[in-house]
2 protein chains.
Amino acid sequence: MESTAPQSPAGLRTTPSWLLSQAASHAARLLSEGFAAHGLRGYHYRLLAALAEDGPASQADLGRRCAIDRSDVVAAINDLAGRGLVVRAPDPADRRRNVISVTDAGAAEAHRMAETVDRAQQDLLAPLSTRERDQLTRLLTRLLEHHSRD
Amino acid sequence: MESTAPQSPAGLRTTPSWLLSQAASHAARLLSEGFAAHGLRGYHYRLLAALAEDGPASQADLGRRCAIDRSDVVAAINDLAGRGLVVRAPDPADRRRNVISVTDAGAAEAHRMAETVDRAQQDLLAPLSTRERDQLTRLLTRLLEHHSRD
DNA sequence: TTCTCAACGTTGGCCCAGCCAACGTTGGCG
DNA sequence: CGCCAACGTTGGCTGGGCCAACGTTGAGAA
């Protein structure tokens with residue numbers, strides 16, 4: 001009885017929602033292992049990448065761009081600023097706001113982390129051919145488009 | 001500038017791991033909304049379904065079958081037993097163990113919840129054709145097979 | 001102008017899922 | 001008999017996400 005697979009009930013195991021959640025959890029593990037090597041987490045990268053791509057922004061803006069609650073942005077920016085990857089400065093034009101900008105070190109780190117992310121994708125998709133990867137991406141994109149009509 | 005999508009940096013938005021996690025989170029939301037109508041949660045259903053499918057088992061066994069930590073099984077079985085969906089009895093053959101069995105009410109509830117799960121799959125996959133659903137399932141299964149070589 | 005209301009950053013807290021350590025109890029094997 | 005493993009149970013920790021409240025600041029209405 002030392003059988004192999006300790007998974008869920010058969011009924012669930014073949015269910016698309018279950019497959020999705022399992023696959024997502026493998027992906028998350030790969031990613032967070034990669035991020036850990038940088039001493040950072042997923043949301044740090046999201047913020048850093050958003051800043052590197054679209055330029056400086058207020059914390060609230062950043063939160064909206066990255067779908068991170070503004071209260072959580074505070075702590076994450078503290079971390080990034082503490083490492084010199086990002087600078088927090090009061091906005092002279094609106095004293096309610098802080099302007100967050102990437103430093104050179106931050107841009108470099110963002111670039112390195114992007115490579116880490118790429119490697120994780122390779123690992124994740126290893127068993128699939130290029131064509132199949134495209135298929136998967138296309139299907140998932142269709143799903144998301146449909147389900148994010150607000 | 002009231003633009004529509006408040007998502008992640010462009011670099012991530014097209015990344016398979018990101019697509020997966022987003023799709024999985026939609027799926028999880030659909031499922032947990034469905035489960036909420038039964039006053040239960042996902043892990044309750046996993047346990048109940050495993051019991052209904054494969055018959056009575058000890059808590060440790062159940063945990064292994066469903067990939068739920070044995071400490072979490074305790075509370076979940078408490079809930080299920082409190083609702084009369086399940087019975088916890090000492091195993092006469094091994095006094096370390098409890099034997100958990102579904103009651104008739106439990107079997108009925110499991111059946112109803114399975115229908116709820118089915119509906120959630122329909123909602124989730126609504127934008128895809130039958131053929132595409134099969135493709136998606138096949139691709140995800142391949143991914144999981146590859147990544148769960150222990 | 002003054003009043004009112006919204007947005008900002010920040011603190012603190014809650015919830016959910018998953019994981020792990022520890023304990024006393026019990027069984028099986030050397 | 002003695003040791004070790006498995007059991008159920010308690011308690012606690014982590015990571016991620018969400019929400020409420022507060023004092024500050026800006027902007028539009030009366």
Side-chain angles (χ1 to χ4, degrees), chain A residues 1-2 6-8 17-18 21-22 24-29 31-33 35-36 39-47 56-81 86-100, chain B residues 1-2 6-8 17-18 21-22 24-29 31-33 35-36 39-47 56-81 86-100:
Chain A
M1 297 296 154
E2 308 300 283
Q7 288 207 3
S8 266
S17 59
W18 176 260
S21 92
Q22 291 304 101
S25 112
H26 280 290
R29 190 177 39 77
L31 269 185
S32 75
E33 284 171 5
F35 289 148
L40 292 174
R41 303 186 181 282
Y43 47 84
H44 291 127
Y45 175 65
R46 279 194 265 164
L47 294 169
S58 73
Q59 298 180 194
D61 255 35
L62 269 179
R64 280 184 289 263
R65 282 197 216 161
C66 302
I68 298 179
D69 190 273
R70 55 190 222 266
S71 65
D72 299 319
V73 172
V74 177
I77 295 295
N78 285 344
D79 298 342
L80 294 174
V86 127
V87 168
R88 183 194 258 129
D91 185 339
D94 184 341
R95 301 192 349 237
R96 292 173 299 180
R97 295 184 180 157
N98 294 332
V99 177
I100 314 296
Chain B
M1 296 298 158
E2 307 300 282
Q7 287 206 6
S8 267
S17 59
W18 176 261
S21 91
Q22 291 303 101
S25 112
H26 280 289
R29 189 178 40 78
L31 269 185
S32 75
E33 284 171 5
F35 289 148
L40 293 173
R41 303 183 181 281
Y43 47 83
H44 291 127
Y45 175 65
R46 279 195 264 165
L47 294 169
S58 73
Q59 298 181 192
D61 256 34
L62 269 179
R64 280 185 291 263
R65 281 197 217 162
C66 303
I68 298 179
D69 191 273
R70 51 189 225 266
S71 64
D72 300 319
V73 172
V74 178
I77 295 295
N78 284 345
D79 298 342
L80 294 174
V86 129
V87 169
R88 182 194 258 128
D91 185 339
D94 184 342
R95 298 189 354 236
R96 293 172 299 177
R97 296 186 178 155
N98 294 331
V99 177
I100 313 296

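Note on naming: letters A, B, ... go to the chains in the order of the sequence lines (proteins, then strands), and numbering restarts at 1 for each one. When reading the values below, keep in mind they use all heavy atoms of this one structure, side chains included, and skip hydrogens, waters and symmetry mates.
Taking 4.0 angstrom as the limit, Gln59(B) places a side-chain polar atom (N or O) nearer than this to OP1 or OP2 of dT9(D). OP1 and OP2 of dC18(D) both lie 4.0 Å or more from every side-chain N or O belonging to Arg29(B). Between Arg64(A) and dC8(C) there is a side-chain N or O to OP1 or OP2 distance below 4.0 Å.
Position along DNA chain D of the nearest nucleotide to Asn78(B) versus Asp94(A) favours Asn78(B) as the more 5'-ward residue. Heavy-atom distances to DNA chain D give each of Asp72(A) and Ala93(A) a nearest nucleotide, and the one nearer the 5′ end belongs to Asp72(A).
Taking atom CD1 on Ile77(B) and atom C1' on dT10(D), their separation rounds to 17 Å, with Å as the unit. At whole-Å resolution of the value, CD1 in Ile100(A) and C1' in dG9(C) are 10 Å apart. Atom P of nucleotide dT25(C) and atom CZ of Arg97(B) are separated by 19 Å, given to the nearest angstrom. Separating the CG atom of Leu31(B) from the C1' atom of dC16(C) is a distance of 15 Å, rounded to the nearest angstrom. Rounded to a whole Å, the CG atom of Leu62(A) is 12 Å from the P atom of dC8(C). Atom CH2 in Trp18(B) sits roughly 13 Å away from atom P in dG16(D) (whole-Å rounding). If you take CZ of Arg70(A) and C1' of dT11(C), they are 12 Å apart, rounded to a whole angstrom. When rounded to the nearest whole Å, the span between CG of Asp91(A) and P of dA7(C) equals 17 Å.
Among the heavy atoms of the strands lying under 4.0 Å from Arg46(A) are primed sugar atoms or P, OP1, OP2 only; no base atom is included. At the heavy-atom level, Asp69(A) lies under 4.0 Å from base atoms of the strands shown. When heavy atoms are screened at a 4.0 angstrom cut-off, Arg41(A) is found touching the sugar-phosphate backbone but no base atom. Counting non-hydrogen atoms under 4.0 angstrom, Ser58(A) reaches the backbone sugars and phosphates but no base. Arg95(A) comes within 4.0 angstrom of sugar-phosphate atoms only, judged by non-hydrogen atoms across all strands, and of no base.
The CZ atom of Arg70(B) lies 13.5 Å from the CG atom of Leu62(B); values are rounded to the nearest 0.5 Å. Interatomic distance, Ile100(B) CD1 to Asp91(B) CG, rounded to the nearest 0.5 Å: 10.5 Å. Atom-to-atom distance recorded for Arg88(B):CZ and Ser58(B):OG is 11.5 Å, nearest 0.5 angstrom. A distance of 5.0 Å separates CG of Leu80(B) from NE2 of His44(B), quoted to the nearest 0.5 Å. The distance from the CZ atom of Arg46(B) to the CD1 atom of Ile68(B) is 4.0 Å, given to the nearest 0.5 Å. Rounding to the nearest 0.5 Å places CG of Leu40(A) at 8.0 Å from CG of Asp79(A).
Taking the C1' atoms of five terminal pairs at each end of the helix from dT1(C)-dA30(D) to dC15(C)-dG16(D), the two resulting helix axes are inclined by 20°, rounded to 10°.
Arg96(B) contributes no side-chain N or O that forms a donor-acceptor pair with the base of dG8(D) under 3.5 Å.
Of all non-hydrogen atoms in Val99(A) and Pro56(A), the two that sit nearest each other are CG1-CB, 3.9 Å. What you find for Ala76(B) and Leu47(B) is that their closest heavy atoms are CB-CD1, 3.4 Å.
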